[in-house]
Amino acid sequence: MKLTLIKPNIGRREHSLYVDEGRMEPLQLGILAALTPSDIEVVMYDDRMETIPYGEPTDLVAITVETFTARRAYEISAEFRRRGVKTVMGGMHAMLIPEEVGEHCDSVIVGDAEPVWETMLNDLRNGVLKPRYNVIQPTCPQINVITRRDIFEGKGYLPITLLQFSRGCSHKCSFCASSVYFKAHHYCRPVEDVVKEIKSQKRKLLFFVDDNIVCDHEKAKELFRALIPLKIRWVSQGSMDMLHDEELMRLMVKSGCLGLVIGFESISPESVSEMNKGTNRKGSSEMYKWEIEQLRKWGLQTWAAFTVGHDSDTLESIRATCDFAIKNKFTFAAYNILMPYPNTPLYERLEREGRLLYGGKWWLHEDYRFNYASIIPKNMTADELTEISFDCRRRFNSFGSIFKRALEPHTNLRTPYRFMTYLVYNPLFRKEVFKKQGMRFGLKDNGEEKNA
C-alpha cells in the first residue's frame with residue numbers, strides 16, 4: 001500500500017507558477033508520515049516548488065488544507081479523483097468549514113489527525129473508508145511521535161527545523177482561526193518528547209511553530225529549563241504578557257531564544273479592544289514603549305505582526321503603524337489585512353453586517369488575489385485598504401528601512417549571529433512581499449493539470 005502526502009501551493013502569479021523561496025518544511029506532513037504504519041510506503045510532494053506526478057501509482061492521497069490553499073487543494077484532489085485515486089483532506093480549513101471540504105474529497109478529518117489516522121488507513125485497506133472522521137482533541141498531542149524528516153530531504157527548504165511544543169491558545173481574539181480550531185484551549189506535549197525530537201535531528205536552529213509558546217507560563221518554563229543543556233537557538237510565536245514574568249524571560253533567553261513573532265496587531269486602543277486582544281493591555285504606541293524596552297533588554301529580535309482594516313482604522317492610522325514599526329527597528333514586521341476566516345467571530349459579525357466581499361468565500365472566488373481586502377472597511381474603500389497594506393510592506397521592506405533597522409544595537413547588532421540572520425532573511429522576505437502581492441489562487445486555468 002502506498003500513501004502520497006501533498007502540501008498545496010497558494011496558486012500562481014499572472015504568468016508563471018509561484019515558487020516559494022522562503023518555504024519551510026511542512027511539519028504536519030512529517031507527523032502524518034510518522035503516524036503511518038511501517039508497511040505503508042510514504043512519499044511527499046510539495047506543490048510550492050515541484051510538479052505533482054499525478055500518474056504515479058498510489059492508493060491514497062492526503063492533502064493538508066489551509067484557507068489560503070483551499071482552491072488549489074481542491075484542484076489537486078479533483079485531478080487525483082478523476083484518475084480513480086481516493087483523497088483525504090484535513091487541516092485548519094477542514095475544521096473551520098468541513099462541509100465544504102468534504103465536497104472535494106473522499107474523506108475529511110475534522111481536527112488533529114493523531115487519534116484517527118491509523119483507523120482511517122485501516123478502513124481504507126478494508127474498503128470502508130468513511131466520508132468523515134470527527135476527532136476528539138487529544139489533551140496531550142503528539143505523544144511518542146517523532147516527526148519523520150526523511151520525506152523533507154532534497155526539497156530545498158530553509159535550514160531550520162520545525163517542531164511543536166504546544167497547540168492552540170487560550171485567548172479569544174475575534175479574528176483568530178486557531179482559537180476556533182482549538183476552542184480557545186492550549187495543549188502541550190510532554191517536555192521529554194520534545195527533547196527527544198530535538199536530539200533526533202541534526203540542526204541547532206529550530207522553529208517552534210506553536211500559536212503561543214508562552215501561553216502557559218509554568219509549562220513554558222519547564223520546557224525552557226529542559227532546552228538549556230541542548231545549546232540550541234530557536235524562534236517561535238509568543239504574546240506580550242510574557243514580558244511581565246521575569247523568570248520566564250530569563251529562562252527563555254538562557255534556553256537559546258533568538259526572537260518571537262508577537263501580535264502587536266494595532267497601536268490603536270480602540271482596535272485592540274475591538275479584537276479582544278487581552279494580552280496587549282491598553283494597546284497604544286505609548287503603552288508599547290515599555291514592552292519594546294523589555295524586548296531590547298532581553299535582546300529578542302522581534303517579528304511584529306499587525307492587522308489592518310479594523311473599524312477604528314483610518315488610512316492615517318495605518319500609515320502611523322508602519323512609521324511606528326520602522327522607528328522601533330523591528331527585525332521583521334507583517335501588515336496583514338484583516339481576514340474573515342470562516343466560522344470565526346469576525347466572519348459572523350461581518351456577515352451579519354453585510355460587509356463580506358467575494359460572496360463571503362474569498363478563498364474560492366476567481367477574482368480574489370492574495371493580500372487583497374475581502375471586507376468592506378468602515379473608514380476607507382476595500383481598494384484603499386489593499387493598497388495601504390501593501391504600501392506598509394513596501395515601505396518597511398525598502399532598502400533604506402532595512403539598513404536603518406539593522407542598526408538597532410540591542411537586538412539586530414547584539415551578536416554577529418543575530419546580525420547575519422538579519423542580513424540573510426530581510427532581503428528574502430522583501431523579495432517574497434513583491435512576488436506574492438496580487439497572486440491568483442489555484443492553477444487550473446493554465447492547463448498544467450492536464451499535462452502532468
Side-chain angles (χ1 to χ4, degrees), residues 169 171 173 208 210 212-218 220-221 224 228 233-273 275 277-308 317-335 392 395-397 400-423 425-426 429:
C169 178
H171 305 298
C173 302
F208 288 95
D210 304 39
N212 185 355
I213 197 168
V214 294
C215 187
D216 185 317
H217 287 197
E218 295 309 311
K221 290 174 187 177
F224 300 157
I228 291 171
R233 294 186 176 101
W234 61 271
V235 296
S236 188
Q237 301 180 98
S239 53
M240 286 190 189
D241 56 330
M242 68 184 180
L243 296 168
H244 297 273
D245 189 327
E246 185 88 6
E247 182 187 26
L248 175 69
M249 296 305 299
R250 178 176 54 79
L251 290 170
M252 178 192 295
V253 171
K254 194 174 181 180
S255 71
C257 182
L258 296 173
L260 298 166
V261 179
I262 299 176
F264 281 71
E265 310 306 348
S266 175
I267 59 174
S268 161
E270 291 178 83
S271 293
V272 171
S273 176
M275 69 182 80
K277 189 81 174 182
T279 57
N280 288 25
R281 307 291 175 100
K282 300 174 186 176
S284 70
S285 57
E286 186 61 30
M287 185 282 290
Y288 290 145
K289 181 179 179 181
W290 181 85
E291 276 76 2
I292 292 168
E293 288 174 352
Q294 290 298 303
L295 290 168
R296 289 174 177 166
K297 165 189 167 182
W298 296 108
L300 297 181
Q301 290 181 288
T302 300
W303 185 313
F306 299 95
T307 51
V308 297
S317 72
I318 295 173
R319 288 192 190 98
T321 301
C322 186
D323 295 339
F324 166 79
I326 295 173
K327 175 184 175 182
N328 285 288
K329 299 183 175 67
F330 293 126
T331 305
F332 309 105
Y335 302 90
C392 287
R395 286 175 56 209
F396 185 84
N397 292 284
S401 169
I402 291 173
F403 176 77
K404 179 180 179 180
R405 292 182 289 108
L407 302 179
E408 208 302 300
H410 301 93
T411 57
N412 300 327
L413 287 177
R414 195 177 186 96
T415 65
Y417 184 90
R418 291 172 188 267
F419 185 56
M420 286 305 299
T421 298
Y422 182 92
L423 292 181
Y425 284 98
N426 263 275
F429 291 136

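Values below: all heavy atoms of this structure, side chains included; hydrogens, waters and symmetry mates excluded.
- Smallest separation of non-hydrogen atoms from L407 and K329: C-CD, 4.4 Å.
- Annotation: side chain to side chain donor-acceptor pair (under 3.5 Å) contacts of E265 (sequence neighbours excluded): K277, T307.
- Remark: F264 engages Y288, F306, F330 in a ring pair (Phe, Tyr, Trp, His ring centres under 6.0 Å) (not counting sequence neighbours).
- The two residues R418 and R414 have their closest heavy-atom pair at CD-CB, 3.9 Å.
- When each of M249, M252, K254, R250 is paired with F224, the side-chain contact (heavy atoms from CB on, under 4.5 Å) condition holds for M252 and for no other.
- Partners of A406 by side-chain contact (heavy atoms from CB on, under 4.5 Å), not counting sequence neighbours, listed by chain and number: F419, Y422.
- The minimum heavy-atom distance linking L260 with G238 is given by the pair CB-N, 4.2 Å.
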Would you list the atom pairs, donor with acceptor, under 3.5 Å between side chains in residues 319-326 and any protein atom, with sequence neighbours excluded?
residue : atom : partner : partner atom : Å
T321    : OG1  : S317    : O            : 2.9
D323    : OD1  : R395    : NH2          : 2.2

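- T302 contributes atom OG1, which lies 9.0 Å from atom CG of N412 (distance to the nearest 0.5 angstrom).
- The CE atom of M420 sits 11.0 Å away from atom OG1 of T415, with the distance rounded to the nearest 0.5 Å.
- In this structure, C215 SG and M242 CE are separated by 12.5 Å, a value rounded to the nearest 0.5 Å.
- With sequence neighbours excluded, the residues satisfying side chain to side chain donor-acceptor pair (under 3.5 Å) with S239 are N212, D241.
- The minimum heavy-atom distance between S266 and V272, with the atom names listed, is O-CG2, 3.8 Å.
- Between S236 and V261 the shortest side-chain heavy-atom distance does not fall below 4.5 Å.
- Under the 4.5 Å side-chain criterion, counting only non-hydrogen atoms from C-beta, I228 is in contact with L251.
- Judged by distance alone, with hydrogens and angles left aside, the side-chain atoms of T411 form no donor-acceptor pair with the main-chain N or O of Q301 at under 3.5 Å.
- Residues N426 and R405 have side chains that bring a donor and an acceptor to within less than 3.5 angstrom of each other.
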**OP:** Could you please spell out the steps behind the side chain to side chain contact (heavy atoms under 4.5 Å, CB included) verdict for E293 and H410?
**Re:** CA-CA 10 Å; E293 288 174 352; H410 301 93; over 6 Å; no
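- Listed by chain and number, the residues in a side chain to side chain donor-acceptor pair (under 3.5 Å) with N397 amount to none (sequence neighbours excluded).
- Every residue two or more places apart in sequence or in another chain that forms a salt bridge (charged side-chain N to carboxylate O under 4.0 Å, His left out) with K297 is listed here: E246.
- Residues that satisfy the side-chain contact (heavy atoms from CB on, under 4.5 Å) test with D245, not counting sequence neighbours, are H217, K221, E247, L248.
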Subject >> side chain to side chain contact (heavy atoms under 4.5 Å, CB included) evaluation trace for L300 with L295 >> reply: CA-CA 5 Å; L300 297 181; L295 290 168; 4.0 Å; yes
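- The distance from atom CE of M240 to atom CH2 of W290, rounded to the nearest 0.5 Å, is 10.5 Å.
- Every residue meeting the ring pair (Phe, Tyr, Trp, His ring centres under 6.0 Å) condition with W303, not counting sequence neighbours, appears here in chain and number order: F332, F429.
- Applying the ring pair (Phe, Tyr, Trp, His ring centres under 6.0 Å) rule to F208 yields the partners W234; only residues at least two apart in sequence or on another chain are considered.
- When the salt bridge (charged side-chain N to carboxylate O under 4.0 Å, His left out) test is applied to R296, the partners found at least two apart in sequence or on another chain are E408.
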